[in-house]
2 protein chains.
Amino acid sequence: MLQNSSPEPPHPAKDVTQHVGYLLKRAQAALRGAMDKTLREHGLTVPQYATLELLALHPGMSNADLARATFVTRQSGNVVLRGLQDGGLITRPATADHGRARPAHLTEEGRARLAAVQAAVYAVEQRMAEAIPPRRMAALLADLDSIAAALEE
Amino acid sequence: MLQNSSPEPPHPAKDVTQHVGYLLKRAQAALRGAMDKTLREHGLTVPQYATLELLALHPGMSNADLARATFVTRQSGNVVLRGLQDGGLITRPATADHGRARPAHLTEEGRARLAAVQAAVYAVEQRMAEAIPPRRMAALLADLDSIAAALEE
DNA sequence: CCGCCTATGTCAAAATGCTGACATGCTGCA
DNA sequence: TGCAGCATGTCAGCATTTTGACATAGGCGG
């Protein structure tokens, strides 16, 4: 090896607020806040929006699927799904045809609500994208993915 | 190409799971899970640990200060502080000397508990650091900071 | 000096999320 | 066929966090 002369490469910052974990939390908190504020004006919560977006991309996902994709438990996912169902934004068959999984689908109103919100949400995403040099975007996405992969043993 | 002729530079990925926001959430969720698991073995929660770390760095922070720094409300921060106080890890004067803010300080036991946990927590941080090319670390930290700054209007 | 504004701490209620537990339905294997 | 293992949906209880509200303390400009 080429001699790693630095004695402390992994966490070179002594200030905790300069660690990866802290900055990650900070960025995520800021994003959550911005999303909350934006979605509130449209009567949706962040988990609800995330569910709609996923269902638009992958129709027929089950509650367990959605829970995994939105990083919550099945129980929490079920509450979100129930809310969306009560609001008429999604439909679920009363009885499962295959296993126990009941595939969820967007209703016409669900698709409309999603479309109405997407512009506002994508504006938030754009504010993030504009904050970082375009040249680094791909690397940032790859690094975030690597971090997640490294922590899910 | 030198010319940026692409009409959609901000969010080049059509798949939502490739957006910055989603990957940010995923990375943060993974980090939260790893931290939870690690800290549980030491009888601490993530907010409690964060508070101890901040108090070690900046003794005398008030509840409101800590709440801001840990991205929770004052009410939640107070619960955390009360828990730490009941556990004998921090002290707060019963009465404020200046305003209403009561400066918190680590006890000897608090310092000891923090020191005992830091090795395990820094190991998690190390797993993250090893997952990304060292060359990109500074850029990643800067980008995360930029994202947070861009979203806090 | 006084009133307005801001910041802080705290209480109560509601929302949200999680853990634990259980029943159901599929799959694979002997 | 029978049975163990696993995934899913769901209920109940608990923990955490937030929203909303209020009282108090200090700064500031009139």
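Since we're looking at a predicted model, the values are computed, not measured. A, B, ... follow the sequence lines: proteins, then strands. Residue 1 opens every chain.
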Salt-bridge present (B:Arg113, B:Glu108; N to O < 4.0 Å): no
Donor + acceptor pair across side chains of B:Glu53, B:Tyr49 (<3.5 Å): yes
Atom-pair distance (CZ on A:Arg82; P on D:dT10), nearest Å: 6 Å
Integer-rounded Å distance: C:dG17 C1' and B:Asp36 CG: 12 Å
Gap between atoms CD and C1', on A:Gln75 and C:dA21 respectively (whole Å): 10 Å
From C:dT8, D:dG9, C:dG17, nucleotide with atom closest to A:Ala101 side chain: D:dG9
C:dT10 phosphate, OP1 or OP2, under 4.0 Å from B:Arg102 side-chain N/O: yes
Residues B:Asp65 and B:Ser62: side-chain donor-acceptor under 3.5 angstrom: yes
Ionic contact status for A:Asp97 with A:Arg102, cut-off 4.0 Å: no
Check against side chain to side chain contact (heavy atoms under 4.5 Å, CB included), B:Leu52 and B:Ile90: CA-CA 8 Å; B:Leu52 292 182; B:Ile90 67 165; 4.1 Å; yes
B:Asn78 CG - D:dT16 P separation (whole Å): 14 Å
D:dT18 OP1/OP2 closer than 4.0 Å to side-chain N/O of B:Thr73: yes
Atom-pair distance (CG on B:Asp97; P on C:dT8), nearest Å: 14 Å
Distance in angstrom units between A:Leu39 CG and C:dT16 P, rounded: 13 Å
Atom pair distance, as rounded to whole Å: CG in B:Asn63 and P in D:dT24: 19 Å
side-chain N/O A:Arg92 vs D:dT8 OP1/OP2, d < 4.0 Å: no
Between P of D:dT24 and CZ of B:Arg100, the distance in whole Å: 8 Å
Nearest-neighbour nucleotide for the B:Arg74 side chain, D:dG9, D:dT17, C:dT10 considered: C:dT10
Residue closer to the 5' end of DNA chain D, B:Thr45 versus A:Arg40 (nearest nucleotide): B:Thr45
Any A:Ser76 side-chain nitrogen or oxygen under 4.0 Å from OP1 or OP2 of C:dT16: no
Distance below 4.0 Å between A:His98 side-chain N/O and C:dT27 OP1 or OP2: yes
